[in-house]
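Note sheet for the following structure.
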Amino acid sequence: MAYTEKPNALLIAPGSVFSNVGALIVAELGVEDVYPIVPVDLYKGASNELEFLALNPLGKVPVLLHDGKAIPDSLDIAQFLEDTLGKDTLHARDPVVIDAVEQWRAWRISVLWYGKKTADQDTTQFEQNHAKVQERLALLKESHPEIYKTRSAAADERTSEFISHENYIRVRDGVNQLLDNTDKALAEHTYIVGNEPTLADIYATAFLFNHRKNTTEDFLENRPHLAAYLTRQLEKPTVKNTIK
């Protein structure tokens with residue numbers, strides 16, 4: 001499809017963590033009608049096609065289109081929109097908020113759902129799929145070498161994270177520490193950063209929502225403050241009507 005048919009749009013893969021982040025940013029700022037959602041079918045390889053890679057060579061969502069200009073990366077989108085709208089609703093440029101946001105952005109949470117959970121887990125299928133992706137990308141090597149180089153490296157990095165048991169352990173331990181720290185902090189205040197909602201809450205909510213949807217682990221059982229926080233967040237109309 002032609003992603004640039006609409007000068008203003010939000011390109012997402014419905015249901016993914018960072019797509020939910022992007023959709024929540026647009027909803028919380030009240031501009032969802034200005035930037036209608038355009039789905040990107042990652043399962044059919046859209047992130048490896050030139051049409052999408054021309055907008056974001058990393059092949060990642062979300063991507064915001066504003067007057068035809070592509071703004072990839074969820075944090076950049078939040079900052080761009082607040083600057084453009086003259087708002088500070090999400091405090092997207094506050095260093096304290098950014099620090100909290102980066103704690104959630106640091107982890108590829110899907111490694112816990114699809115990664116190598118045991119040392120002897122067979123990753124052949126994952127590696128075969130990666131080989132097919134690289135074969136497809138190779139078609140761009142001569143005509144668009146910079147796009148090829150960027151996307152190929154990103155695909156290599158992603159696969160290496162999913163086929164490494166050591167990386168699974170690293171992500172598991174890091175995420176558990178983050179959840180423990182957040183549970184303790186929420187005993188002292190209502191939101192991730194103090195007592196008013198910020199961009200950090202959008203990241204935390206999307207992260208927790210997707211993790212609960214995709215894992216069999218009851219990670220909220222012994223984290224009562226985190227559990228109560230997620231319940232409150234999911235009752236917010238903007239959240240309830242936005243994330244999938």
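As the structure is a computational prediction, the values presented were derived from the model and not from experiment. Computed over heavy atoms, backbone and side chain alike; hydrogens, waters and symmetry mates excluded.
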* Arg105 atom CZ, neighbour heavy-atom count above 12 within 6.0 Å ->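 Counting other residues, nucleotides and ligands, CZ of Arg105 exceeds 12 neighbours.
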* Asked: If you draw a 6.0 Å radius around NZ in Lys132, do more than 12 non-hydrogen atoms from other residues or ligands fall strictly inside?
  ->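 No.
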So [Y] and [X], do their side chains get closer than 4.5 Å, heavy atoms only?
X	Y	answer
Phe207	Thr182	no
Glu196	His91	yes
Leu75	Glu102	yes
Lys240	Leu234	no
Arg170	Trp107	yes
Leu179	Val175	yes
Ser164	Lys116	no
Thr190	Arg232	yes

Would you check if the side chain of [X] reaches a backbone N or O of [Y] as a donor-acceptor pair within less than 3.5 Å?
X	Y	value
Ser16	Ala13	yes
Thr215	His211	no
Gln121	Gly115	yes
Asp99	Pro95	no
Asp67	Lys69	no
Asn214	Trp113	no
Ser160	Glu157	yes

Side chains of [X] and [Y]: is there a donor and an acceptor less than 3.5 Å apart?
X	Y	answer
Asp183	Tyr229	no
Gln79	Asp83	no
Gln134	Ser152	yes
Ser74	Tyr203	yes
Gln177	Asp173	no
Asp120	His165	no

Please give me the minimum heavy-atom distance between [X] and [Y], naming the atom from each residue.
X	Y	value
Leu140	Asn48	CD1-O, 4.4 Å
Tyr168	Val111	CD1-O, 3.6 Å
His66	Asn8	CA-OD1, 3.3 Å
Glu217	Asn176	OE2-OD1, 4.3 Å
Tyr148	Leu137	CD1-O, 3.2 Å
Ala9	Val38	CB-CG2, 3.8 Å

Side-chain heavy atoms under 4.5 angstrom apart, residues restricted to Ile, Leu, Val, Met, Phe, Trp, Tyr: same cluster for [X] and [Y]?
X	Y	result
Ile37	Phe80	yes
Val133	Ile147	yes
Leu81	Leu90	yes
Phe18	Leu65	no
Ile243	Leu64	yes

Rounded at 0.5 Å granularity, tell me how far [atom1] in [X] sits from [atom2] in [Y].
X	Y	atom1	atom2	answer
Asp41	Ser47	CG	OG	9.5 Å
Gln125	Asp122	CD	CG	9.0 Å
Glu188	Asn195	CD	CG	10.0 Å
Asn181	Arg223	CG	CZ	9.5 Å
Leu11	Ser19	CG	OG	9.5 Å
Gln103	Ile98	CD	CD1	13.0 Å

What side-chain donor-acceptor pairs closer than 3.5 Å can you find for residues 20-33, not counting sequence neighbours?
from, atom 1, to, atom 2, distance (Å)
Asn20, OD1, Lys244, N, 3.4
Asn20, ND2, Asn210, OD1, 2.9
Asn20, ND2, Lys244, O, 3.4
Glu28, OE2, Lys236, NZ, 3.4
Glu28, OE2, Thr238, OG1, 2.8

* Could you check Glu49 against Arg136 for salt bridge (charged side-chain N to carboxylate O under 4.0 Å, His left out), going step by step and ending with a plain yes or no? => CA-CA 9 Å; Glu49 295 174 354; Arg136 188 173 186 176; 3.0 Å; yes
Please table the atom pairs, donor to acceptor, closer than 3.5 Å between any side-chain atom in residues 52-62 and protein atoms at least two apart or in another chain.
from, atom 1, to, atom 2, distance (Å)
Asn56, OD1, Leu58, N, 3.2
Asn56, ND2, Lys60, O, 2.9

* **Cationic N near anionic O, under 4.0 Å, Arg93 to Glu82** => no
* Before giving the answer on side-chain contact (heavy atoms from CB on, under 4.5 Å), spell out for Arg212 and Phe219 the whole-Å C-alpha distance, their side-chain angles and the decisive distance to 0.1 Å. => CA-CA 8 Å; Arg212 190 174 70 171; Phe219 65 94; 3.9 Å; yes
* To do: Give the C-alpha distance, both sets of side-chain angles, the deciding distance and a yes or no for side-chain contact (heavy atoms from CB on, under 4.5 Å) between Tyr191 and Leu186.
  => CA-CA 7 Å; Tyr191 295 100; Leu186 288 169; 5.7 Å; no
* To do: Give the intermediate values and the outcome of side-chain contact (heavy atoms from CB on, under 4.5 Å) for residues Trp104 and Ile192.
  => CA-CA 11 Å; Trp104 298 93; Ile192 299 297; 4.3 Å; yes
* Listed partners of Arg158 passing side-chain contact (heavy atoms from CB on, under 4.5 Å), at least two apart ->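 Arg158 satisfies side-chain contact (heavy atoms from CB on, under 4.5 Å) with Arg108, Phe126, Phe162 only.
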